[in-house]
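Predicted model, so just to flag it, every value in this text is computed and none were measured. Atom set for the values below is all heavy atoms of this structure, side chains included, hydrogens, waters and symmetry mates excluded.
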Amino acid sequence: AFEVREGCGAEAEEKLDTLRRKIAGSQPAYTGTALDDETLDRLWVNLLHLGLLDELRDLAGPPCNLPFRSEVKAFLDHGAVQFAACQARGAAYRAQHPGVEIFTMGCIVWGEEYIGNFLRYNVRSMLSEDNLPALARQGKVVFSIVSDAAGEQRLRSDPLFAKLSEIVDVEFTVVPDSLIEILRHGHLVRNFYVLYGMLDHCSIYFAEGAGSHLFMIPVDCVVASGTLPNMANYRHQGYECCGGGNLVAETESFLPALDRRFGSDGPIRISTYELASLAFQHAHHYFQSQVIAAENRDFGRHPRELFWPVDGGVEIHSVFIHPLFTTAAGLARYRRKHFANID
């Protein structure tokens, strides 16, 4: 709450240092009451929001051994090992490519539906001549894909993967099936994006190790023509992060419309105006509920984005800004990780 009010400055860090010392020297009393269990569920989420992963692991392990859910401990243990491994692989990749700019594309995807959409729409839109091929002329491009073992096999076997590999390098981080099952069916689904955000940090650690710039394009997005170099080129003007809101379209009608226009093969090259117009024609209820207009009687109570109709389109103000592109310099200052999610 203090960070929300005052920002993430020196005073917030002082408060966090005090909290770290309290945790390091504590032996919390756990009595097994319903209130205690409720407190534990709030505690692990809040500590991840604050970037206190090590302190949370201290509370979950000896000597405290607080009885966090086994699923939470599984993700903590996985992160403790995998984050360091990803950073080391990034450093190894940098050693292979010294003196060049590196662009990491962070992707997290598993399950046939998401993998299918990732390949058929997301990757194809990024393969248009003025996206990935244009970006590759500025430096090395590496896809950091977080998936399960079945997902890696599925991706490698798809003909589109070979086309992608002609332009970019690919690094896989394989998540154990047990963790994927927790996300699919576990009772922690209500905190899905907290745990999902932890896994997404595998790509962040890889990019940090590689000293690279980082794209984090959601895998269920269609990328407009020229988007990738456009965002990357803002670094030359001194910007360190480029974020965005979401024009959410109705999958059941939007994707068939794309299929009718682009078929099932070859790059998808579509301008920003055309893509936005197509999204408007197949607007999802979520998007419609966030439009700021007097006649909108279905305005959302908890908006993520706000849309103002203006001449020629809409103006978007994001409430939670997703960092679509972050420079290497900006990423190097991301020291206290906001593990709970990427926004």
Side-chain angles (χ1 to χ4, degrees), residues 105-132 145 158 160 164 192-193 196-197 200 215-231 242-293 295-325 341-343:
M105 309 291 301
C107 312
I108 178 169
V109 59
W110 63 81
E112 181 55 36
E113 180 181 357
Y114 276 98
I115 289 176
N117 284 340
F118 172 60
L119 291 169
R120 187 178 178 94
Y121 303 106
N122 184 257
V123 171
R124 286 175 62 205
S125 67
M126 288 195 284
L127 283 175
S128 66
E129 182 58 33
D130 50 3
N131 272 327
L132 281 177
I145 301 178
D158 194 282
L160 198 62
L164 180 65
F192 173 89
Y193 281 107
Y196 181 97
D200 225 357
F215 282 93
M216 302 202 81
I217 309 294
V219 297
D220 54 355
C221 284
V222 177
V223 182
S225 173
T227 292
L228 301 183
N230 178 43
M231 287 194 290
C242 189
N246 295 294
L247 295 178
V248 183
E250 190 69 58
T251 301
E252 289 76 11
S253 60
F254 174 74
L255 296 183
L258 273 180
D259 290 339
R260 287 191 294 271
R261 180 165 179 177
F262 295 100
S264 59
D265 192 28
I268 293 175
R269 185 175 185 180
I270 183 170
S271 73
T272 301
Y273 185 85
E274 291 173 307
L275 181 58
S277 298
L278 191 63
F280 293 155
Q281 292 169 26
H282 303 276
H284 189 274
H285 168 258
Y286 170 82
F287 164 70
Q288 294 174 322
S289 72
Q290 308 309 332
V291 175
I292 304 295
E295 59 270 28
N296 187 2
R297 300 298 181 184
D298 194 31
F299 182 76
R301 289 184 58 192
H302 304 291
R304 175 194 172 98
E305 291 91 15
L306 301 174
F307 298 86
W308 275 266
V310 295
D311 290 341
V314 296
E315 180 175 327
I316 306 172
H317 289 205
S318 288
V319 181
F320 296 101
I321 299 176
H322 183 98
L324 296 169
F325 174 76
N341 54 43
I342 303 303
D343 299 326

If you look at every heavy atom in Q290 and E305, which pair is closest and at what distance? CB-O, 3.2 Å
Please report the shortest heavy-atom distance between V291 and N296, naming the atom on each side. O-ND2, 2.9 Å
Other residues, nucleotides, ligands: >12 heavy atoms within 6.0 Å of Y114 OH: no
So do V314 and F280 actually touch side chain to side chain, heavy atoms under 4.5 Å? yes
Can you tell me if H322 uses its side chain to pair, donor with acceptor, with the backbone of M216 under 3.5 Å? yes
Is D220 reaching over with its side chain to a backbone N or O of N117, donor-acceptor style, under 3.5 angstrom? no
Starting at CE of M231, measure out to CG of L324 and round the result to the nearest 0.5 Å. 5.0 Å
Counting only N and O atoms by type, is there a donor-acceptor contact under 3.5 Å from the side chain of N122 to the main-chain atoms of C221? yes
Single hit among I270, I217, I268 for side chain to side chain contact (heavy atoms under 4.5 Å, CB included) with V223: I217
Do T272 and S225 make a side-chain contact, defined as non-hydrogen atoms from C-beta onward lying under 4.5 Å apart? no
Test your reading of the model: is there a side-chain donor-acceptor pair from R304 to the backbone of N246, 3.5 Å cut-off? no
For E113, does the CD atom have more than 12 heavy-atom neighbours from other residues, nucleotides or ligands under 6.0 Å away? no
Heavy atoms from other residues, nucleotides or ligands near CZ of F299 exceed 12 (cutoff 6.0 Å): yes
D298 and S289: CA distance, side-chain angles, deciding distance, side-chain hydrogen bond (donor to acceptor under 3.5 Å, both in side chains) verdict: CA-CA 5 Å; D298 194 31; S289 72; 5.7 Å; no
Is it the case that over 12 heavy atoms from other parts of the model lie below 6.0 angstrom from the OH atom of Y193? no
In terms of relative ring orientation, are H282 and F254 parallel, tilted or perpendicular, with 30° and 60° separating the classes? perpendicular
Derivation and outcome, side chain to side chain contact (heavy atoms under 4.5 Å, CB included), residues D259 and Y121: CA-CA 9 Å; D259 290 339; Y121 303 106; 2.9 Å; yes
